[in-house]
Amino acid sequence: MEQESQPVLQVNNLTKIYPGNIKAVNDVSFQVKKGEMVAVLGPSGAGKSTLLRCMNRLINKNTGQVLVNGKDITQCRGQALRRLRSDVGMIFQQFNLIPRLTVFENVLAGRLSHTSNPFWCTASIFRFFNETNKQKAFDALKRVGIEHLAPKRSDSLSGGQQQRVAIARTLAQEPEVILADEPVASLDPASSQRVLGILKQISESKNIPVIVNLHQVDLARQFATRIIGIQEGNLMFNGQVDDFSLDIARTIYGTQFESAVCTNELKQVAAA
Ligand SMILES: Nc1ncnc2c1ncn2[C@@H]1O[C@H](COP(=O)(O)OP(=O)(O)OP(=O)(O)O)[C@@H](O)[C@H]1O
């Protein structure tokens, strides 16, 4: 029971400064536990993407720590980094699938860190994966409800379907934590609901914490269990969804408040 409440992810005093002295992330600290779905909110340029990308080492931080189950990913090199990185699943706005491969092959690619051959792309991918890996990939596809699309080329799918393939690929990786960088920014409202619903279900039923960058406050309120608000690289809010008031949203979003608060319901409350 005590172990259940231990944070899977700990971000300690993380700072990233880009050339030109642009402080994109400034001394940010927070923790995420199993079963949580945490939405990171903030206006354009607040540092949301930089924060997530520092957390899986796509970008190197300047100072601070990112601990995954107690191990600091920012200090790892070589094989240790590859191993720890496979614990961190990443979902992108543009899906990042390999277009010429089928849906199933893309999901199987999520099992790469569980095989010893890194050169699968140069030959038939199937040769390098045993039945266990193939079954896990298929199970991941089933979990996002698109197993019937397995033989299709990934570039023949809709955006929403491609994002579900990307989620399945991440699930096949068997990560300890999932980071999603604006996963619904390119999707229509119905697909956005579907994708965020799947991520929430994963966080709840598989107990894998999900940290998701979002632009829209209403989606965060609908799907997240907790909200982190950032502005100009600074952590301004870290708390329960119900405590993220419209006044706090207005402070964090400033001139972008109107576009971030998009449902009619929220707009009426904001105008009252
Ligand atoms: N490679 C880079 N070099 C220099 N500055 C950068 C770089 N990437 C981002 N920035 C700057 O860092 C700050 C944070 O950018 P970031 O993309 O992390 O914000 P964001 O909140 O994700 O924005 P958006 O919602 O528009 O994607 C911005 O001022 C941005 O211009």
Side-chain angles (χ1 to χ4, degrees), residues 9-30 32 37-66 73-74 85 88-96 159 162-163 166-167 170 177-189 191-193 195-196 199 209-224 226-239 241 244 246 248-263 266:
L9 183 86
Q10 284 174 271
V11 175
N12 297 332
N13 307 102
L14 194 71
T15 294
K16 172 66 189 177
I17 305 169
Y18 286 117
N21 203 26
I22 298 164
K23 221 173 220 189
V25 177
N26 184 23
D27 198 24
V28 167
S29 300
F30 61 91
V32 183
M37 175 140 161
V38 178
V40 181
L41 293 177
S44 186
K48 304 181 296 293
S49 287
T50 303
L51 175 63
L52 249 66
R53 284 159 193 257
C54 285
M55 282 155 62
N56 79 341
R57 285 285 294 278
L58 281 175
I59 295 174
N60 283 323
K61 49 96 200 193
N62 288 81
T63 54
Q65 291 180 311
V66 178
I73 196 166
T74 67
R85 221 183 219 158
V88 183
M90 189 84 190
I91 293 165
F92 299 90
Q93 178 180 341
Q94 293 304 335
F95 327 127
N96 288 17
Q162 289 192 51
Q163 194 58 294
I167 294 171
T170 301
V177 56
I178 292 176
L179 310 178
D181 193 4
E182 302 199 7
V184 298
S186 312
L187 304 183
D188 60 72
S191 299
S192 301
Q193 291 279 325
V195 162
L196 289 173
L199 289 175
V210 175
I211 299 143
V212 56
N213 280 353
L214 290 173
H215 261 291
Q216 296 157 352
V217 173
D218 58 332
L219 288 178
R221 286 165 69 119
Q222 187 180 349
F223 290 99
R226 187 151 60 91
I227 288 175
I228 283 176
I230 58 173
Q231 182 197 53
E232 296 182 0
N234 297 302
L235 191 127
M236 305 287 287
F237 179 88
N238 179 7
V241 172
F244 189 79
L246 286 167
I248 292 171
R250 203 178 264 111
T251 304
I252 288 176
Y253 279 97
T255 55
Q256 294 177 34
F257 176 71
E258 284 292 326
S259 61
V261 178
C262 25
T263 63
L266 279 183

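Sequence positions, counted from 1, serve as the residue numbers for this chain. In listed order, ligands and their atoms are each counted from 1.
- Heavy atoms of G47 approach ligand 1 to within less than 4.0 angstrom.
- Counting heavy atoms closer than 4.0 Å to ligand 1, residue P19 contributes nothing at all.
- The side-chain heavy atoms of L187 and Q163, taken from C-beta on, include a pair separated by under 4.5 Å.
- Atom 18 (O) of ligand 1 is approached by the protein to below 4.0 angstrom, counting heavy atoms only.
- When only modelled atom types and interatomic distance are considered, R226 and N238 share a side-chain donor-acceptor pair under 3.5 Å.
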task: Please step through side-chain hydrogen bond (donor to acceptor under 3.5 Å, both in side chains) for the pair S186 and Q94, ending with a clear verdict.
output: CA-CA 7 Å; S186 312; Q94 293 304 335; 3.2 Å; yes

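- Nearest to atom 13 (C) of ligand 1 among the protein's heavy atoms is G45 O, 3.6 Å.
- Protein heavy atom at the shortest distance from atom 27 (O) of ligand 1 is E182 OE2, 3.6 Å.
- Residue A46 has at least one heavy-atom neighbour below 4.0 Å for each of these atoms of ligand 1: 19 (O), 20 (P), 21 (O).
- Near H215, meaning under 4.0 Å from one of its heavy atoms, ligand 1 places the atoms 25 (O).
- Applying the 4.0 Å criterion to heavy atoms of A24 picks out, from ligand 1, the atoms 12 (O), 13 (C), 14 (C).
- Annotation: atom 26 (O) of ligand 1 to nearest protein heavy atom, S44 OG, 2.6 Å.
- At a distance under 4.0 Å, a protein heavy atom can be found next to atom 7 (C) of ligand 1.
- Here the closest heavy-atom approach between residue N26 and residue T15 is recorded as C-OG1, 3.9 Å.
- Donor-acceptor pairing under 3.5 Å is lacking for the side chains of Y253 and S259.
- Among all protein heavy atoms, the one lying closest to atom 9 (C) of ligand 1 is Y18 CE1, 3.4 Å.
- Side-chain atoms of Q231 come within 3.5 Å of backbone atoms of T251 as a donor-acceptor pair (strictly under, hydrogens ignored).
- For the ligand labelled ligand 1, residue P43 lies inside the 4.0 Å heavy-atom shell.
- Using a 3.5 Å distance cut-off with no hydrogens or angles, the side chains of Q222 and Q193 do pair a donor with an acceptor.
- The backbone and the side chain of T50 each have at least one atom closer than 4.0 Å to an atom of ligand 1 (non-hydrogen atoms only).
- The closest approach between R53 and ligand 1 stays at or above 4.0 Å for every heavy atom of the residue.
- Under the salt bridge (Lys or Arg N to Asp or Glu O under 4.0 Å) criterion, the residue pairs touching residues 43-54 are R53-D181, with sequence neighbours excluded.
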Discussion item. Let's go through V25 and V28 carefully: what are the C-alpha distance in whole Å and the side-chain angles of both, what is the deciding distance for side-chain contact (heavy atoms from CB on, under 4.5 Å) to 0.1 Å, and is it a yes or a no?
Written reply: CA-CA 7 Å; V25 177; V28 167; 3.7 Å; yes

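- Atom 22 (O) of ligand 1 has its closest protein heavy atom at S49 N, 2.9 Å.
- Looking only at atom types and distance, the side chain of T74 has no donor-acceptor partner in the side chain of Q65 under 3.5 Å away.
- Scanning the protein heavy atoms around atom 25 (O) of ligand 1, the nearest turns out to be K48 NZ, 2.8 Å.
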